[in-house]
Amino acid sequence: MTAQMKLGAFLWATGHHIAAWRHPKAHVTAGVDIDHYVQLARAAEAAKFDMIFCEDAAGLREANIGIASQTSRSIGFEPISLLSALAVQTSRIGLVSTASTSYNEPYGLARTFLSLDHLSSGRAGWNLVTSASPIEAANFGSTGLKPHADRYERAREFAEVVTGLWHGKASGHDGQSFSVRDPLDLPRSPQGAPVMVQAGASDVGRDLAARTADVVFTAAQTFDEAKAFYDDLKGRMAAYGREPDDIKIMPGVSPVVAETEAEARDKHEELQELIPDDVGVALLSSYLSISDLWRYPIDGPLPELPESEGMKSRQALVVEQSRRDGLSIRQLARHFAGARGHWRIVGTAAQVADELQARFEGGAADGFNVMPSYFPGELDAFATLVVPELRRRGLFRKDYEGRTLRDHLGLKRPV
Amino acid sequence: MHLAISLNIAAATGETVLDFSRISKFVRQAEAAGVDMIVSSDTADGPSSSPFEATTLLAALATVTDRIGLVASASTLAHQPYNLARRFASLDIISHGRIGWHATMAQDSREAANFSRPEGFSDTDFRRRAEEYIGIVRGLWQGWDADALLFDKTGGRFHDPEKMHLLDHKGEFFSVRGPLNVARSPQDTPVLVLSGLSEPDLDIAARNADVILLESGSAESAKIRFDDLRRRATAAGRDPDAMRVLTNISFAPDDTRAATADRLESQFRTRSCDGFNIQVRCSMLDEFTDLVLPVLRQRGLVREGYRGTTLRSHLGLAGGGDR
């Protein structure tokens, strides 16, 4: 059998497109409707996705309240409670949630995810993030965001304590940021340990991933960027005594798919037109960590930018895109708002499958984290159009091979 | 009278480990019996035999029950207030308004040791910190007005910014700007349950708690404590009927049903509490629901079934949503 790609279903609010909630077919009350999420999870499971993936932030997404009120992202379920509910309403699909190393303690986080792992009989995963948002920092007594390097040093210690607890290693940790006396008071994970996911693409982020991650979620627009990241990360693993196959690299992809290319383009354009200019510019500003982007002419080019303490790698990606394509601020804002700097494909199932296949077989990805533009329609479109096409090409499973998330991903079970 | 069933998820020595199907069977049985709520412990005194942490367990239980209130213990040492407020607000939406947060006023040295606080807090610091913490959580739960979400697709207005409120808390132990990124609870706010009260905690409980759990004692001492708590609530400017005081009581299999019912009836009729938190082994729940409860119902002491859908409504507390 040829190698098969891994697929995540990234569930977020009303959809990954910033104006998704305004689409006539989007489920606008998603953030307060648990039944909607049960249906999404079951749909993803029926399509045999490896996992559903939830991101998280401990605060609003947007500091400007007027802007925030024009998006659907200010309220939603807290993901660990959401996935715990979904754990007993599904039976096979993996359940991965983001949680921050800056605003949690390792003992509590290790215990919570292990509980989710028991509720789901071995289907849980943790996506480690260090939290780059000053909005979140203000909810945790911090007067300012910690520098990038300090956040990663804390994250490294955090990850070490969590994996130690999951692996049932001898207890007792007294470190720079944390002290933990006892082993966990829960039995060992049904899959050895929950799956560890990471997303940071900076240099220290890559080292941390090479050392500890099972799955890496990343943003890459072009094949060359994706390939460079893939080779770099896999190349770092030997230093930590790991095999390249011990990490699955899954870039985000935001497909807009329809029966014909023209329909797909219309569908995409319909969403783009629902983006208010001030919302698009604000979203772009927050990813670039600059507050005064609105001062520049919206039809002019992106100004020169200082390097920020926020999302370094994302920022570089956005700036490079703008320069390469000669985009105005409005064009970049709209382009970016749709997929948040992730890779977007608009076309037929065959066209989408061609692109995914090229990256998968070209050694630039082990799979993809699928980011539907609105829910439930675009998840269903991917499941009913693209998944069967991938199966015809032998690139995706017809049924689950095992029971746990580690089984689905083909990951070793830790001893 | 109001009835809670205590769910000790760590199996007692000699019992088999409680898997999810056994726990959900237990809770559904309590629901069929019409009790107001179950109160799930989190950590055990000794090594736990439970595979679950209480808030994650509650989320799962919420999807397999419809009416019963679900209360989980969560420590003020183990979570940041913003994260705890978010978890419980989210649970409350998952359960359609049936959630309570059980906070203990007693510091657990084991938690301090595992949550990077090896020295712990002094009793007075722990107490001041806990009250500040509770105030933050309750404030965050009220950050969105009940009618804040507009869902106006054509007008492009998802929510009304005037109806979202920052907390802007700056206190001795915490500073939290808010607002919460979870919508308002279907029952206004999750129910706050306090226990582990020592003498200096009584005013804090009388000011804040929706439900207070007290250890059982003699009928006389229970009456004195109940009256004292109600007096303190009045002194704090609260309606004493806006809180419920439940006495912990353990139910042993060798008690006869009449004797148990008599004991509960007499404590209730002398107004020494609003009801009971029944501590019963998983395997013994039948004896309580099938033998004791019908007697209490015959005597008109316990309501038949549920009238509303939220925990506040079961408890007869304000803000029940559908009272």
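Chain naming here is simple, since letters A, B, ... match the order of the sequence lines and numbering starts at 1 in each. Computed from a predicted structure; not experimentally measured.
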Peer 1: Mind checking whether A:L60 and B:P179 have side chains closer than 4.5 Å, heavy atoms only?
Peer 2: yes
Peer 1: Which bit of B:T63 comes within less than 4.5 Å of chain A, counting heavy atoms only: side chain, backbone, both or neither?
Peer 2: both
Peer 1: Do the non-hydrogen side-chain atoms of A:E105 and B:N114 ever get within less than 4.5 Å of each other?
Peer 2: no
Peer 1: At what distance, to the nearest 0.5 angstrom, does CD of B:E119 lie from OG of A:S179?
Peer 2: 7.5 Å
Peer 1: Please classify the contact of B:A113 with chain A as side chain, backbone, both or neither, using a heavy-atom distance under 4.5 Å.
Peer 2: both
Peer 1: Below 4.5 Å from any heavy atom of chain B, which atoms of A:V180 appear? Answer side chain, backbone, both or neither.
Peer 2: both
Peer 1: Non-hydrogen atoms of chain B under 4.5 Å away: do they reach the side chain of A:P106, the backbone, both or neither?
Peer 2: neither
Peer 1: Is any side-chain heavy atom of A:R181 closer than 4.5 Å to a side-chain heavy atom of B:R110?
Peer 2: yes
Peer 1: Where on B:H96 is there a heavy atom nearer than 4.5 Å to chain A: the side chain, the backbone, both, or neither?
Peer 2: side chain
Peer 1: B:F115 versus chain A, heavy atoms under 4.5 Å apart: side chain, backbone, both or neither?
Peer 2: both
Peer 1: Quick one: are B:L149 and A:V32 in side-chain contact, heavy atoms under 4.5 Å?
Peer 2: yes
Peer 1: Would you compute the distance between atom CG of A:N139 and atom CG of B:L167 and round it to the nearest 0.5 angstrom?
Peer 2: 9.0 Å
Peer 1: What part of B:D19 gets closer than 4.5 Å to chain A, counting heavy atoms only: side chain, backbone, both or neither?
Peer 2: neither
Peer 1: Return the minimal non-hydrogen interatomic distance between A:A57 and B:N181, and the atom names on each side.
Peer 2: O-ND2, 2.7 Å
Peer 1: For residues B:R86 and A:D56, determine if any side-chain heavy atom of one lies less than 4.5 Å from a side-chain heavy atom of the other.
Peer 2: yes
Peer 1: Sub-3.5 Å donor-acceptor pair from the side chain of B:T56 to the main-chain atoms of A:L116, do we have one?
Peer 2: no
Peer 1: How long is the span from the CD1 atom in A:I65 to the CE atom in B:M164, to the nearest 0.5 Å?
Peer 2: 3.5 Å
Peer 1: Looking only at non-hydrogen atoms, find the nearest pair between B:A59 and A:S81 and report the distance.
Peer 2: CB-O, 3.3 Å
Peer 1: Looking at B:P161, B:S95, B:P81, B:P118, which one has more heavy-atom pairs under 4.5 Å with chain A than the rest?
Peer 2: B:P161
Peer 1: With chain A, which of B:W144, B:F174, B:F173 has the greatest number of heavy-atom pairs at distances under 4.5 Å?
Peer 2: B:W144
Peer 1: Given A:S74 and B:H159, is the side-chain contact (heavy atoms from CB on, under 4.5 Å) satisfied, shown in steps?
Peer 2: CA-CA 9 Å; A:S74 297; B:H159 68 80; 3.8 Å; yes
Peer 1: Does any non-hydrogen side-chain atom of A:V28 lie less than 4.5 Å from one of B:F158?
Peer 2: yes
Peer 1: Which heavy-atom pair separates A:P187 from B:P51 by the least distance, and what is that distance?
Peer 2: CD-CA, 3.5 Å
Peer 1: Is there side-chain contact between A:T112 and B:R87, with at least one heavy-atom pair below 4.5 Å?
Peer 2: yes
Peer 1: Can you measure from CG (B:L180) to CD (A:E78) and round to the nearest 0.5 angstrom?
Peer 2: 10.0 Å
Peer 1: In Å, rounded to the nearest 0.5 Å, how long is the span from CZ of B:R184 to CD1 of A:I75?
Peer 2: 13.5 Å
Peer 1: Give, as side chain, backbone, both or neither, the part of B:L61 having an atom under 4.5 angstrom from any heavy atom of chain A.
Peer 2: neither
Peer 1: Let me know if A:A58 has heavy atoms under 4.5 Å from chain B in its side chain, its backbone, both or neither.
Peer 2: both
Peer 1: Heavy-atom distances under 4.5 Å only: say whether A:H173 touches chain B with side chain, backbone, both or neither.
Peer 2: neither
Peer 1: Determine whether a donor-acceptor pair (N or O, by modelled atom type, separation under 3.5 Å) exists between the side chain of B:K153 and the backbone of A:A26.
Peer 2: yes
Peer 1: Heavy-atom distance under 4.5 Å to chain A: side chain of B:T154, backbone, both or neither?
Peer 2: backbone
Peer 1: Should B:V182 and A:F77 count as side-chain neighbours, where that means a heavy-atom distance under 4.5 Å?
Peer 2: no
Peer 1: Quick check on the 6.0 Å ring-centre criterion: do A:F140 and B:Y82 meet it?
Peer 2: yes
Peer 1: So for A:Q70, is it side chain, backbone, both, or neither that comes closer than 4.5 Å to the heavy atoms of chain B?
Peer 2: both
Peer 1: Where do A:A85 and B:I94 come nearest, in terms of heavy atoms and distance?
Peer 2: CB-CG2, 4.0 Å
Peer 1: Where the side chain of B:N83 meets the backbone of A:Y103, is there a donor-acceptor pair that is under 3.5 Å apart?
Peer 2: yes
Peer 1: Okay, side chain of A:S115, backbone of B:F52: is any donor-acceptor separation there less than 3.5 Å?
Peer 2: no
Peer 1: On a heavy-atom basis, which atom in B:S116 and which in A:S177 lie closest, and how many Å separate them?
Peer 2: OG-O, 4.0 Å
